[in-house]
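Only one structure is covered here, and it is reproduced in the block below.
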Amino acid sequence: MAGKGRLLVLGMALAALVFGAACAQPALAQTLTIVQGTDIESLDPHVVTSSPSYAVLEHIFETLFELSPQGEIIYKLATGFEVGPDGRTYIIKLREGVRFADGTPFNAEAVKINLQRIQNPATRAAYANLISPITEINVLDEYTVELKSKEPFGPIQVHLAHPGMSMISPAAIARGNDYVARNPIGTGPFELVEWRQGEQVALRRRDGYWGEPAKLDQIVFRVIVDDGARLLELEAGTADVAIRIPPTEWQRIDADPNMKVDRTTGLRTIYMYFNVTKPPFNDVRVRRAFNYAVNNEAIVTALLSGAGRPSDAPMAPAVFGYSRQTPYTYNPSLARKMLEEAGFDFNRTYVIYHPTGRYNQDALIAAAVQQSLRAIGVQTELRTMEWTTYLDFVRRPQAENEVEIAMLGWGVATMDADYALVEMFHSKQHPPAGFNLGFYSNPAVDAALDRGRFNADPQVRLEAYAEAQRLIWEDAPWIFLHSELQLTGLRENVHGFVVHPTERYKAHTAEKH
Amino acid sequence: MLPYIARRLLYAIPTLIGVTFVIFISVRLIPGDPAVAIAGERATPQLIAQVRQELGLDQPLLIQYGRFMVKLVQGDLGTSLRTRLPVAPEVWRRLKQTLLLATVSLVLASAVGMFLGIVSATRPYSVWDNAGMVVALLGVSTPVFWLGLMLILLFSVELPKALGLNQPIFPPTGSGTWKHVVMPAITLAAYSTGIIARMTRSSMLDVVAQDYIRTARAKGLSERVITYRHALRNALVPVITVQGLQFGTLLGGAVLTESVFAWPGLGRYLVDAIFQRDYPVVQAVILVIAIGFIIINLVVDLLYALVDPRIRYG
């Protein structure tokens, strides 16, 4: 009898469970739930460094200019831009009648306060160097601001379009960094409801937004570290959008009638650089041979299920200034022959350093490179490190730098060749100063890059960058691998959700129906 | 009893000071610069130097330690290097979530584990025994991330689909309602269940071979009374030890489960902080876990006395 009673209770509990689930209140129709793998670092847009942070904060904050997914400049808080006759004065007209969420008016003074805050070392703004050429910020009138630089500064507009240049309410800034870190007050279409660290950020539509109001009432960004669980949230229908779904799964998801996959080109290029000061990699023949030895087409097809694009330039096609080069098509016998001609030492083991879990399938890609090299008789050893340690290790000054070959990726947040190439290849950017980690140096490349930077004429810039890319491609300071595709899973009923090539995304115009 | 507890708590103070010192030094021994982690991979050397100075990381270690201790005794766990927000409220929020999950899963693991252990021990080498121990072995050896994903797949995706529901039976991830606790608790309990089952079984087998059990049978007591009052109670001491250890481990070691279920617990917070070299957070979380262990040890010792009257503290 007791046994039967227990069974009954169990049955009732189960029934209640199923019934309860079935009757649970449907969530607000216009709440969009986005699951991503990384939490925001802070609520202060000037100090955060990662695209997941910007993706969230861009719904609260706005910049003077913005880049469309196609790389065109959109006037956001600015309405006009003019370069003075000296080529180093920039007049920016501002949008009138815009207010921050706390009621503070947006005007020239606000722009000045924000740019000064970014330039102030005490802010520790991550992207202060984007506007380091600006030497003067003048308020001409309520809605006109004048910037000056020492030399003409080509990419100024795209640099001001970087989300690290977001406009924060001057009233909030006046209350100090700690206040800004807790109270994100911008001019954007959404405002913060709550940030539960490591868990979620909830935003709601803001009344009084100057532009077209958002269709969504709320956006909830949830943090789910595990790739599989993130995907299951989407499959269960408890999330509307899943950021960065595993490359091995996207075809299955796309085939499901309830879901779709957005494949947007990324601006992140994955590469392995050589320390070109260390033999045998100071020999261009060896570097080119390695490029011929690696089958990056196969890497993209097999390891990324097509969610990538084999490199045909040191940057992705969506970047302004991209110029296609002739790919080093997979040719192991040619590679072997070139190495023999160069007197390459096949008896030594070379070390390849790579991160794990930082880029799509990074460890597997490193293994694929190792295998390709083994096929032509080059022995390599793979070594991996945890990310922060890795960064520290690869950025050591030349005398202490042990790296021969290492894998990294570079995302071009400004969608401009200056950002894509200068830090990677300019000889002034050797570590620890910059990110030219292989100590590559070519005066002709430096000259071309400088021409692109200190010039406002787009045509001159395009030509300069084309030349730089041609020289870099010939010098082969990298094993050019591929650029990543961004895989975003969406429920079928989500419309108007924009995935941006900069690994950010915008739900301003999104709706569910 | 009370003076004993007071003395134990007093002894805990030097232990904790030792713990703070060891953590403080060891987090700084990990290669990787927090200033780099904070300022971002693209930071200039000037910015990195600036951050280092602002955070006091350019000071000698002993001075840094001194500052940390002065703040600590004032109850200030510091400010996160990364978010610039105070650490204490965040630790507290996560500690509550961790305690909830750890408690539910330990209760679950104890109930199932002890039941399996008793069944096995009272019918040694039978089908029941073997079946019970296979379950225990599965529990110990199933990877949590796999089990977690399978539960989500079953209860949040496939089963609702099969039953024609438009809502998952249990929400896949997150926290907030009792439904959120079910799957992570089961996942987390799997391992502990196995351990507790095996410990209960072996401890019970020891006890049932004792003379006083034979005496109890000779007195004509029912098997039920013998099993639960005489055998189990005497077999409990090692089981309680294991439970205590498991609970302690759950406080900081539930990282994988927390990752799969996006459960906002201490483990994930700690691991993220280690990756970010967020020293104040690492220190605070390890300190809280250490305090947790000290309290659990004390409670376990007191429980010994409760189940075994021969154990007395004075």
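All values derive from a computational prediction rather than experimental measurement. Every chain is numbered from 1, with letters handed out A, B, ... down the list of sequences.
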Chi angles and distances behind the side chain to side chain donor-acceptor pair (under 3.5 Å) call for B/Ser259, B/Arg268: CA-CA 7 Å; B/Ser259 297; B/Arg268 187 77 230 163; 2.5 Å; yes
Ring geometry between A/Tyr127 and A/Tyr419 (parallel below 30°, tilted from 30 to 60°, perpendicular above 60°): parallel
Side chain, backbone, both or neither of A/Arg124 within contact of chain B (heavy atoms, under 4.5 Å): both
Proximal component of A/Thr238, with respect to chain B [non-hydrogen, under 4.5 Å]: side chain
Heavy-atom pairs under 4.5 Å with chain A, option from B/Thr173, B/Leu159, B/Asp272 with the top count: B/Thr173
Side chain to side chain contact (heavy atoms under 4.5 Å, CB included) partners of B/Leu61, counting only residues at least two apart: B/Phe24, B/Ile25, B/Arg28, B/Gln64
Interface moiety of A/Ala125 toward chain B, non-hydrogen atoms closer than 4.5 Å: backbone
Chain B contact via A/Asp39 - side chain, backbone, both or neither, heavy atoms under 4.5 Å: neither
Side chain, backbone, both or neither of A/Thr123 within contact of chain B (heavy atoms, under 4.5 Å): backbone
B/Arg84, part contacting chain A, at a heavy-atom distance under 4.5 Å: both
Contacting region of A/Arg230 [heavy-atom separation from chain B under 4.5 Å]: neither
Any pair counted as salt bridge (Lys or Arg N to Asp or Glu O under 4.0 Å), so long as it reaches residues 146-159 of chain B, sequence neighbours left out: none
Segment of A/Asp392 engaging chain B (4.5 angstrom heavy-atom cut-off): side chain
Side chain / backbone / both / neither for A/Glu386 at chain B, heavy atoms under 4.5 Å: side chain
A/Tyr353 ring center near A/Tyr390 ring center (under 6.0 Å): no
A/Glu423 (side chain) donor-acceptor with A/Gln429 (main chain) under 3.5 angstrom: no
Part of B/Leu153 lying under 4.5 Å from any heavy atom of chain A: both
Selection from A/Ser50, A/Ala181, A/Pro431, A/Pro121 maximising heavy-atom pairs under 4.5 Å formed with chain B: A/Pro121
Ring center gap for A/Tyr54 and A/His162 short of 6.0 angstrom: yes
